[in-house]
Visitor: 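Could you have a look at this structure, given as structure tokens, before my questions?
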Amino acid sequence: MTTRVRFAPSPTGYLHIGSARTALFNYLYARNVGGKFLLRIEDTDMARSTDESTRSILEGLQWLGFAPDEEIVFQSNNADKHRAVALKLLEEGKAYRDFTPKAAPSDGNIKQTIADRARANQGVKDMRDNEFRDLSKEESDQRAASGEPFAIRLKVPETGKTVFEDAVYGTNERDYAETEDLVLLRSDGHPLYNLAVVCDDIEMEITDVIRGQDHLTNTHKQILIYEALGVKPPRFAHLPLILAPGGKKLSKRIHGEIVSMTTYRDAGFLAAAFRNFLALLGWSAGEEQEIYSLDELIEKFKLEGIHRSNAIFNFDANNPKRWTDDKAIWMNAEYVRTMPLAELLPFVKTELKSAKLWRDEYEDDDKAWFENTVDLIRERFFTLKDFSTQGRAYFSEDFDFDQKAVEKNLLKFSELKTLLPELAERFAAMEDFSHDAIEETVKSFTEEKGSKLGVIMNGARALLTGLAVGPSMLAVFETLGKEKSVMRLKSQVAWNL
RNA sequence: GGUCGGUUCGUCUAGGGGUCUAGGACACCGCCCUUUCACGGCGGCGACACGGGUUCAAAUCCCGUACCGACUACCA
């Protein structure tokens with residue numbers, strides 16, 4: 001039997017970092033065993049689901065490169081089938097109508113309300129305590145026929161237990177007495193999550209369910225439904241959660257954009273790097289390698305490598321340099337600096353285009369120059385964004401001067417105000433403006449003036465790039481060329497800021 | 001409150017009875033290189049939650065405690 005897995009997000013927000021990892025693991029697993037990776041949008045919560053969210057999730061998946069192998073399934077389209085299953089179970093006596101009036105929706109923190117109620121009960125609750133559970137078929141049918149609203153609940157057997165073997169967490173057992181007679185169909189006719197999931201997974205012929213650990217206890221309820229339906233449940237593998245610093249839940253409300261996939265795309269992350277980072281959150285190949293191509297991940301991915309404890313996505317909202325996880329930033333920098341140049345170029349092009357810095361000559365007459373330049377400056381970059389910000393001076397005359405660089409490397413040495421334009425004159429007189437020739441000129445100029453090489457170089461760096469950091473100045477001079485170097489060295493703009 | 005699960009450096013993790021005076025990565029700190037640095041090189045700081053067992057031997061097995069998490073909805 002072919003392995004078939006699915007990623008099943010509910011469209012109530014953007015693609016969350018935890019969901020993205022779930023998608024990744026499903027994808028890797030499917031590819032590793034030569035199975036199918038499917039996508040199902042669980043949009044049965046009409047109140048919270050939005051098309052906007054669906055679009056955002058699809059966008060995130062597309063960026064990460066996880067295209068489903070079959071058409072996307074929208075769960076809401078299957079509502080009729082789900083209803084039919086609930087009715088069938090009712091007919092077979094495996095479910096019953098509950099005529100208890102629907103409770104008013106609680107305001108405030110629902111989880112808290114539930115916990116409080118449970119505490120008030122002192123933890124003892126008879127899960128079978130429902131006056132309609134054993135109502136005669138005749139009376140139930142009659143009350144339904146008279147138009148009385150009802151929900152359909154699964155009739156969980158009195159004795160026994162649900163057991164399943166989780167690929168990550170091992171054997172899970174739960175006594176039936178711990179599971180309530182869960183609602184299958186709401187009184188307004190809408191199927192509920194646990195029913196919908198089971199029905200769809202059966203219909204989609206899902207063989208392995210890989211999802212967040214928050215569904216671990218739900219699994220018992222779902223197994224009960226599988227049993228009532230007489231269908232063999234799929235294999236389950238639950239993933240540890242990704243938490244916020246402090247071990248708290250990572251949420252949109254509290255942590256904002258930091259949890260959204262599109263944030264990383266927009267911040268100049270490479271999908272390959274982010275995938276790599278995500279793969280290492282909760283999974284390990286058991287070796288010391290950390291940089292993996294997609295193919296390597298696919299080849300090495302094993303469910304056994306997933307661990308049981310939650311991981312923390314580490315970041316400091318108050319520190320701009322650490323706005324997201326350090327390791328994610330490092331990983332991206334590693335990719336930017338070391339990936340084959342030819343693969344990086346298209347991304348740089350896109351970035352420069354969106355910053356209005358792109359020129360078609362970069363792929364034509366100036367192709368060699370462009371490639372050399374990108375290769376030179378990427379050494380110190382972290383994201384694609386850096387090409388249009390820190391790297392701006394290489395592609396435009398309109399760049400900003402970093403105040404600190406100006407103060408530290410220019411203003412502190414007032415003599416540079418005349419020395420640098422003088423150096424420009426020397427440059428202007430040069431015929432061969434190559435690395436070695438430039439070095440020769442700058443060195444003799446420095447000696448002649450009794451100045452220091454570092455002072456001259458860093459002053460020039462501030463003038464030519466606006467920054468205090470960057471590649472070797474000899475390379476910068478050569479890259480920018482004689483004309484621009486001369487012009488910028490003479491410019492008084494930075495001196496008058 | 002109940003049920004279930006988890007706990008190795010600040011973070012991601014290796015390890016699954018002796019090879020562990022616990023390895024790697026990120027971050028941090030120091031030194032070196034150097035015309036700068038967010039590059040590179042070298043080094044440092046830094047963890048088996050706690051308490052009992054079992055065993056010749058426990059980070060690894062068992063029990064308890066603490067802490068954290070999930071679930072406990074006519075949400076998904």
Side-chain angles (χ1 to χ4, degrees), chain A residues 8-10 12 42-45 47-49 75 98 100 102-103 105-106 110-111 113-125 149-153 169-170 172-175 177-180 182-188 190 192-194 196-197 212-218 220-221 238 240-241 243 245-249 277 280-284 286-290 307-315 321-322 325-331 333 337 379-382 386 390 405 408-409 442 446 452-462 467-474:
Chain A
S10 58
T12 55
E42 308 216 316
D43 54 352
T44 49
D45 184 342
R48 293 196 300 157
S49 300
Q75 191 159 64
D98 181 1
T100 310
K102 189 184 174 195
S106 89
I110 186 140
K111 302 238 181 216
T113 310
I114 292 164
D116 288 345
R117 193 197 306 151
R119 228 184 311 280
N121 285 333
Q122 306 218 306
V124 282
K125 189 189 172 197
F150 60 86
I152 294 182
R153 304 188 93 110
Y169 289 90
N172 272 256
E173 293 186 2
R174 189 184 174 98
D175 203 285
E178 299 294 338
T179 305
E180 64 177 339
L182 66 164
V183 173
L184 264 19
L185 205 64
R186 294 203 301 208
S187 48
D188 64 4
H190 277 111
L192 256 76
Y193 172 71
N194 285 304
V197 175
Q213 189 232 61
D214 44 341
H215 289 287
L216 197 57
T217 37
N218 274 328
H220 289 98
K221 298 179 189 174
H238 287 87
L241 269 19
L243 270 18
K248 299 298 175 196
K249 197 166 179 174
F277 167 74
L280 263 21
L281 230 42
W283 173 83
S284 156
E287 58 188 11
E288 288 183 352
Q289 184 179 342
E290 303 218 79
H307 30 105
R308 282 167 275 273
S309 55
N310 297 337
I312 289 174
F313 185 65
N314 206 16
F315 60 91
K321 212 179 144 188
R322 310 181 64 180
D325 197 292
D326 284 325
K327 200 151 185 173
I329 296 175
W330 167 79
M331 184 84 68
R337 292 167 193 162
E379 184 108 338
R380 289 165 178 77
F381 286 175
F382 286 81
D386 291 334
Q390 308 218 53
K408 180 180 149 203
N409 295 332
V442 177
T446 304
K452 282 185 178 153
L453 191 61
V455 173
I456 297 290
M457 290 295 201
N458 289 320
R461 185 190 306 284
L467 303 173
V469 304
S472 153
M473 272 316 287
L474 294 175

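Note on naming: letters A, B, ... go to the chains in the order of the sequence lines (proteins, then strands), and numbering restarts at 1 for each one.
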Visitor: Answer with yes or no whether Asp214(A) presents, from its side chain, a donor or acceptor under 3.5 Å of a partner atom in the base of A76(B).
Guide: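 A donor-acceptor contact between them is absent.
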Visitor: Looking at C4(B), does its base get a donor-acceptor pair with the side chain of Thr217(A) below 3.5 Å?
Guide: no
Visitor: Please determine, for the side chain of Glu288(A), which listed nucleotide (G23(B), A76(B), A38(B)) has the closest atom?
Guide: G23(B)
Visitor: Provide the Watson-Crick or G-U wobble partner of C71(B), both distances under 3.5 Å; none if there is no partner.
Guide: G2(B)
Visitor: Where the side chain of Lys102(A) is concerned, which of U36(B), C75(B), A76(B) is the nearest nucleotide?
Guide: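 For Lys102(A), the side-chain atoms sit closest to C75(B).
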Visitor: Taking the nucleotide of RNA chain B with the closest heavy atom to each, which residue, Lys321(A) or Gly247(A), is nearer the 5' end?
Guide: Lys321(A)
Visitor: Using both distances under 3.5 Å as the test, list the Watson-Crick or G-U wobble partner of U34(B), or none.
Guide: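 With both distances under 3.5 Å required, U34(B) matches none.
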Visitor: Paired with U60(B) by Watson-Crick or G-U wobble geometry, both distances under 3.5 Å: which nucleotide is it?
Guide: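 For U60(B), the partner nucleotide comes out as none, under the 3.5 Å rule.
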Visitor: Could you give the distance separating C61(B) and U8(B) at their P atoms, to the nearest angstrom?
Guide: 14 Å
Visitor: Provide the distance between the two C1' atoms, one in A57(B) and one in C39(B), to the nearest whole Å.
Guide: 48 Å
Visitor: Using a 4.5 Å cut-off on heavy atoms from C-beta on, say whether the side chain of Tyr193(A) contacts that of His215(A).
Guide: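 Of all side-chain heavy-atom pairs linking Tyr193(A) with His215(A), at least one is under 4.5 Å.
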Visitor: Provide the distance between the two P atoms, one in C26(B) and one in G40(B), to the nearest whole Å.
Guide: 9 Å
Visitor: Who does G43(B) pair with, Watson-Crick or G-U, both distances under 3.5 Å?
Guide: C29(B)
Visitor: Salt bridge check: are Arg186(A) and Asp188(A) linked by an N-O gap of less than 4.0 Å?
Guide: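 Answer for the salt bridge query: yes.
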Visitor: State whether the distance check finds a donor on one side and an acceptor on the other, under 3.5 Å, for side chain Arg380(A) versus base C37(B).
Guide: yes
Visitor: Under 4.0 Å between any heavy atoms, over every strand shown, what does Leu474(A) touch: base, sugar-phosphate, or nothing? Just pick one.
Guide: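 The answer is base, as Leu474(A) lies within the cut-off (heavy atoms under 4.0 Å) of a base atom.
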Visitor: Considering only side-chain heavy atoms of Val469(A), which listed nucleotide, U35(B), A70(B), A38(B), is closest?
Guide: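 Nearest nucleotide to the side chain: A38(B).
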Visitor: Suppose we define a pair by two distances each less than 3.5 Å, Watson-Crick or G-U wobble; what does A14(B) pair with here?
Guide: none
Visitor: Please give the distance between the P atoms of G5(B) and C45(B) as a whole number of Å.
Guide: 39 Å
Visitor: Compare side-chain N and O positions of Thr44(A) against OP1 and OP2 of A76(B) and report whether any pair is under 4.0 Å apart.
Guide: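 Yes, because at least one side-chain N or O of Thr44(A) sits under 4.0 Å from OP1 or OP2 of A76(B).
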Visitor: Expressed as a whole number of Å, how far does the P atom of A49(B) sit from that of C12(B)?
Guide: 14 Å
Visitor: Under 4.0 Å, heavy atoms only, any strand: does Tyr193(A) hit a base, just the sugar-phosphate, or nothing?
Guide: base
Visitor: Is there a side-chain contact between His220(A) and Glu178(A) in this structure, where contact means two heavy atoms from C-beta onward sitting under 4.5 Å apart?
Guide: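 Sidechains of Glu178(A) and His220(A): no contact.
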Visitor: Please compare Gly286(A) and Gly246(A) by the position of their nearest nucleotide in RNA chain B and report the one closer to 5'.
Guide: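 That would be Gly286(A).
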Visitor: Nearest to the Ile110(A) side chain among A70(B), U35(B), A73(B), which nucleotide is it?
Guide: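 Selected nucleotide: A73(B).
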Visitor: Does Arg48(A) place a side-chain N or O at less than 4.0 Å from the phosphate oxygens OP1/OP2 of A76(B)?
Guide: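 Looking at the OP1 and OP2 atoms of A76(B), neither is under 4.0 Å from any side-chain N or O of Arg48(A).
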Visitor: If you check every side-chain atom of Glu180(A), which of U72(B), A76(B), G6(B) has the closest atom?
Guide: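 Within the option list, the nearest is U72(B).
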Visitor: Out of C39(B), G69(B), U35(B), which has the shortest distance to the side chain of Gln213(A)?
Guide: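 My answer, after comparing the listed nucleotides, is G69(B).
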Visitor: State the pairing partner of U65(B); accept Watson-Crick or G-U wobble contacts with both distances under 3.5 Å, and report none otherwise.
Guide: A49(B)
Visitor: Taking only the C1' atom of each, what is the distance from C32(B) to A22(B) in whole angstrom?
Guide: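 Looking at atom C1' only, C32(B) and A22(B) are 29 Å apart.
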Visitor: Look at the side chain of Ser472(A) and the backbone N and O of Leu474(A), then say whether any donor-acceptor pair between them is shorter than 3.5 Å.
Guide: yes
Visitor: Please encode protein proximity along nucleotides 7-13 of chain B as a string of B, S and -, counting only heavy-atom distances under 4.0 Å.
Guide: S---SBS
